[in-house]
Amino acid sequence: MDPSTASDVLTVNGGAALSGEVRVRGAKNLVPKAMVAALLGHGTSVLHNVPDISDVRIVTGLLEAHGVSVTRGDSTDTLIMDPASVERASDAAVEAHAGTSRIPVLFCGPLLHRLGRAFIPDLGGCKIGDRPIDFHLDALRAFGAVVEKRPEGLLILAPERLRGTHIRLPYPSVGATEQVLLTAVLAEGVTELSNAATEPEIVDLIAVLQKMGAIVSVHNDRVIRIIGVDRLGGFTHRALPDRLETASWACAALATAGDIRVVGARQGDMMTFLNVFRRIGGDFEVDDNPGDPSIRFWHSGGPTHALALETDVHPGLQTDWQQPLVVALTQAQGLSIVHETVYEQRLGFTEALNRMGAQIQLYRECLGGSACRFGQRNFQHSAVISGPTKLHGAELTIPDLRAGFSYLIAALAAQGTSTVHGISLIHRGYEDFEGKLSALGADVELGAAR
Ligand code: EPU
């Protein structure tokens with residue numbers, strides 16, 4: 001969407017404490033991948049708890065381009081995927097999705113197994129660093145695939161059935177781990193993946209694959225072992241709740257001195273975040289009701305505390321929690337330090353917060369924790385935040401998904417009016433966020449203020 005169109009702009013009048021209830025559905029970082037897994041099966045797959053976000057629409061389009069029928073169930077958050085008529089997509093149909101998301105690269109393994117050929121468009125996704133796919137391509141080659149780089153995308157061929165292999169990832173990449181899983185389950189023989197990522201969304205993807213008939217075991221020390229099988233069936237699965245969206249609402253409650261119950265949220269996947277939230281001065285209460293679990297987050301009323309944080313792969317502090325926490329830390333007493341170790345350029349969004357009155361200084365050094373991959377590479381990947389600072393409204397342009405939602409939190413915590421451009425990026429991962437904000441008492445309106 002053109003960032004200048006009225007529907008891509010949100011006017012936010014800040015100052016109100018957000019209060020009430022919102023619902024989170026299945027995780028953005030699991031649902032599209034479970035949809036890709038449906039392509040591996042010979043039966044129909046049913047996925048429950050699917051959010052209405054643009055990443056789901058992109059994967060639906062790509063599945064349909066490959067002959068998979070995708071329909072909604074009786075409940076609108078259920079998707080039914082039937083891969084009985086998988087066929088080669090036209091290159092044009094695939095290219096139509098260029099630059100929209102990073103998920104298309106995960107189609108490689110399933111398409112190679114089904115058709116012996118995969119054409120992958122240029123990838124998109126958030127601009128938070130280089131985001132190369134070298135680990136993915138090295139893994140596919142290790143399985144026996146041949147990769148041809150073309151100007152319009154990647155053509156990947158499997159001259160014969162892919163073979164299980166031993167792979168050691170240079171870094172525990174979420175996407176590359178998923179690439180290996182989605183490829184190894186139907187490869188001939190055993191695959192052993194070392195230095196794998198083990199995020200909750202990956203464990204949920206493994207649960208999906210196991211339901212389909214795959215044999216996957218997760219061992220200590222980041223080793224995943226997959227015994228390839230000849231055929232997989234469909235699955236019925238309820239996607240795990242979105243722990244990243246949940247944390248965003250928690251930070252909105254903290255930064256606006258509000259009180260938000262996030263229905264659908266689950267404690268187990270969020271323990272690291274919950275510890276940090278409590279240490280800053282936020283409070284929470286977990287309701288384990290199995291039918292409809294929830295976590296209520298609120299500001300405890302006293303001063304909030306500065307903290308030193310370091311992002312890391314799971315079970316460390318998830319990088320997608322960093323941006324909303326930074327906004328909350330602008331309101332904490334003292335100096336906070338944030339060391340981003342997963343992406344080299346995920347602190348650039350703080351420049352706009354400074355324009356709103358925050359005091360955040362970026363550093364190239366690894367501050368406040370262990371030395372990381374970026375320490376010697378000239379990236380500004382550490383931040384020192386002095387707080388508390390009064391924020392005021394500003395004109396903001398959203399650079400990426402998580403920073404985008406964090407700008408909304410800052411605008412809501414600020415005095416005065418902010419005009420936020422590029423909100424369509426937030427639709428990639430936050431279902432109906434405008435409706436949810438209004439329900440919480442936020443004064444927001446689509447379009448620029450007249
Ligand atoms: N990396 C490489 N080469 C590769 C793959 C990754 O160098 O081939 C590097 C990346 O550049 C990055 C690090 O490894 O520095 C980690 O990247 P990872 O592969 O783990 O990230 P991803 O799979 O591309 C997913 C989520 C991200 C989330 C990260 C980390 C999806 C669609 N995206 O990305 O989510 O931040 O894992 O947990 O699952 C978001 O939701 O806003 C988002 C960006």
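Both ligands and their constituent atoms are indexed starting at 1 by order of listing.
Near Val342, meaning under 4.0 Å from any of its heavy atoms, are these atoms of ligand 1: 12 (C), 13 (C), 15 (O), 16 (C). Taking a cut-off of under 4.0 Å to the non-hydrogen atoms of Arg402, the atoms of ligand 1 that pass are 40 (C), 41 (O), 42 (O). Less than 4.0 angstrom separates some heavy atom of His136 from each of these atoms of ligand 1: 8 (O).
Polar contact with ligand 1: present for Asp320 (N/O pair, distance under 3.5 Å). Taking only nitrogen or oxygen atoms, main chain and side chain alike, Phe135 reaches within less than 3.5 Å of ligand 1. Looking at Pro132 next to ligand 1, an N or O pair under 3.5 Å apart turns up. For ligand 1, the polar-atom distance check against Gly175 finds a nitrogen or oxygen pair separated by under 3.5 Å. In terms of polar-atom proximity, defined here as any N/O pair under 3.5 Å, Glu199 makes no such contact with ligand 1. At under 3.5 Å, a nitrogen or oxygen of Tyr343, whether backbone or side chain, sits near a nitrogen or oxygen of ligand 1.
The shortest separation from a heavy atom of Glu178 to ligand 1 is not under 4.0 Å, leaving the residue out of contact. Ligand 1 lies nowhere less than 4.0 angstrom from a heavy atom belonging to His314. Within the 4.0 Å heavy-atom shell around ligand 1 one finds Ile103. Remark: distances from the non-hydrogen atoms of Arg346 to ligand 1 include one below 4.0 Å.
For the residue pair Ser370 / Glu310, a side-chain donor-acceptor distance below 3.5 Å is found, with atom types taken as modelled. Residues His427 and Glu434 bring a donor and an acceptor atom of their side chains to less than 3.5 Å of each other.
By the criterion of a heavy-atom distance under 4.0 Å, both the backbone and the side chain of Asp134 are placed next to ligand 1. For Arg373, every heavy-atom contact with ligand 1 shorter than 4.0 Å involves the side chain, none the backbone. Contacts with ligand 1 closer than 4.0 Å are made by side-chain heavy atoms of Lys33 only, the backbone lying farther away. Under 4.0 angstrom from ligand 1, the non-hydrogen atoms of Val174 come from both its backbone and its side chain.
Here the two rings, on His381 and His339, have centers that are under 6.0 Å apart.
Of the candidates Tyr430, Phe405, Phe273, Phe297, Phe405 is the only one forming a ring-ring contact (aromatic ring centres under 6.0 Å, His included) with Trp249.
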